[in-house]
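For reference, the structure discussed in these notes is given below.
The figures that follow rest on heavy atoms only: side chains count, while hydrogens, waters and symmetry mates do not. Order of listing sets the numbers, starting from 1, for every ligand and every atom in it. Computed from a prediction, not measured in an experiment: that's the story for all the values here. All residue numbers in this chain count up from 1 along the given sequence.
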Amino acid sequence: MSKVRIDLYSDTHTQPGPAMREAIASAEVGDEQHGTDPTTNLLQDMVAELLGKQAALFLPSGTMCNQIAYRIWCQPGDEIIADVTAHTIHSETGGPAAIAGAMMRTVDGKRGIFTADQIEAALRPSKRNVPRSALVSVENTCNFGGGTVWPVETLQSIFQRTRDVGIKCHMDGARLLNAVVESGTPATDYAATQDSLWIDLSKGLGCPVGAVIAGDSDFIEQAFRLKHLLGGAMRQSGIIAAAGVYALENNVERLAEDHENARHLASRLRDIPGIRLDPETVETNLVFFDVSHTPFTAPEIISRLLEHGIQIGARDDTRMRAVTHLDISRAMVDEAADVLGDILRG
Ligand SMILES: *Cc1c(COP(=O)(O)O)cnc(C)c1O
């Protein structure tokens, strides 16, 4: 296997560049557990302001953000309503059951996006023998839905409905800033429809580690206790928070380039026989495509691409996912498409 030169596997594979490393090296640090790490505090203030929330908390990962929020909003036995594709269901090690003791009730959205009417239908009646609906969890952009962007109006109507029945809303915003840049909807407008939400620093923003969750002060106070409980409280975390500060200042607007490159990749894939884009329309930086009408399975295509130093992932034997990010140029997209075309045309 040759060295990976064109890494379309995930936007988590971004490498910190020289300027980000410089910010990391010169970070002012303190003791995060005692609230005295100035760079972590700065990052938290920036995210609270970005999302228009009272407070924010730096955490080691997006997964911990989701699991802490679920634990705060749910009692054991409660139900969390989410789309069938939700990352929290498929890729977080059963965390909702293990940490919140909650059950996941799925709704079948369109590419991860569901409606207030679907929530209405999924809400439980208040009866002694029935689980209690406690939380609606949305993902923006929706990863396994295809990088899809939620219309803010849909979130507003869901929020209204959850307010009426007294349950909470949480957003997995691993790629929220992709949605913001693509839709032009301000982050604060999205955030206003949620009781808690977070952004990942280690996806398209290009940081080595970290995520930041936001909510009201009481929520963040509880989140800090759980962060400590789960072993996520840190010390001189300014070393990694500095990358987040740098990324928020420099790497947000450029996400538009990733979306352009993803659409370019999609247009190249459409010309390759046997490949079907799924979904057809690429909204942000994730490109999913089906290869069941080619002579190869996804794992076979993956290993052939790797021989050329190109890495692309797959969800299963037929559905592949290519992700654009700050280490992927237009020329790399073209090279990947050329090689993939050659492989599939034999
Ligand atoms: C990556 C991802 C997560 C988990 O984030 P980590 O920082 O890798 O723990 C959660 N939700 C979605 C939609 C993701 O893509």
Identify all pairs of nitrogen or oxygen atoms, one from ligand 1 and one from the protein, separated by less than 3.5 Å, and list them with distances.
| residue | atom | partner | partner atom | Å |
| --- | --- | --- | --- | --- |
| ligand 1 | 5 (O) | Asp200 | OD2 | 3.1 |
| ligand 1 | 7 (O) | Gly62 | N | 2.8 |
| ligand 1 | 7 (O) | Asp200 | OD1 | 3.3 |
| ligand 1 | 7 (O) | Asp200 | OD2 | 2.8 |
| ligand 1 | 9 (O) | Gly62 | N | 3.3 |
| ligand 1 | 9 (O) | Thr63 | N | 2.8 |
| ligand 1 | 9 (O) | Thr63 | OG1 | 2.7 |
| ligand 1 | 11 (N) | His87 | ND1 | 3.4 |
| ligand 1 | 11 (N) | Asp172 | OD1 | 3.2 |
| ligand 1 | 11 (N) | Asp172 | OD2 | 2.5 |
| ligand 1 | 15 (O) | Asn143 | ND2 | 3.1 |
| ligand 1 | 15 (O) | Arg175 | NH1 | 2.9 |
| ligand 1 | 15 (O) | Lys203 | NZ | 2.9 |

Between Arg235 and Asp37, is there a salt bridge with N-O shorter than 4.0 Å?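 No, no charged N to carboxylate O under 4.0 Å.
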
side-chain hydrogen bond (donor to acceptor under 3.5 Å, both in side chains) partners for Arg304, two or more places apart: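 With sequence neighbours excluded, Arg304 shows a side-chain hydrogen bond (donor to acceptor under 3.5 Å, both in side chains) to no residue whatsoever.
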
Apply salt bridge (charged side-chain N to carboxylate O under 4.0 Å, His left out) to the pair Arg5 and Glu335, showing each step before the final yes or no. CA-CA 11 Å; Arg5 289 177 300 109; Glu335 186 180 338; 2.9 Å; yes

Evaluate the side-chain proximity of Leu123 to Ile167: yes if any heavy-atom separation is below 4.5 Å, no if none is.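 Of all side-chain heavy-atom pairs linking Leu123 with Ile167, at least one is under 4.5 Å.
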
For residues Glu32 and Gln236, is any side-chain donor paired with an opposing acceptor at under 3.5 Å?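 Distance-only check fails for Glu32 and Gln236.
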
Quick check with a 6.0 Å cut-off and a 45 degree axis cone: is Arg315 positioned over the face of Phe144's six-membered ring?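 Yes; both conditions hold, so Arg315 lies above the ring face of Phe144.
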
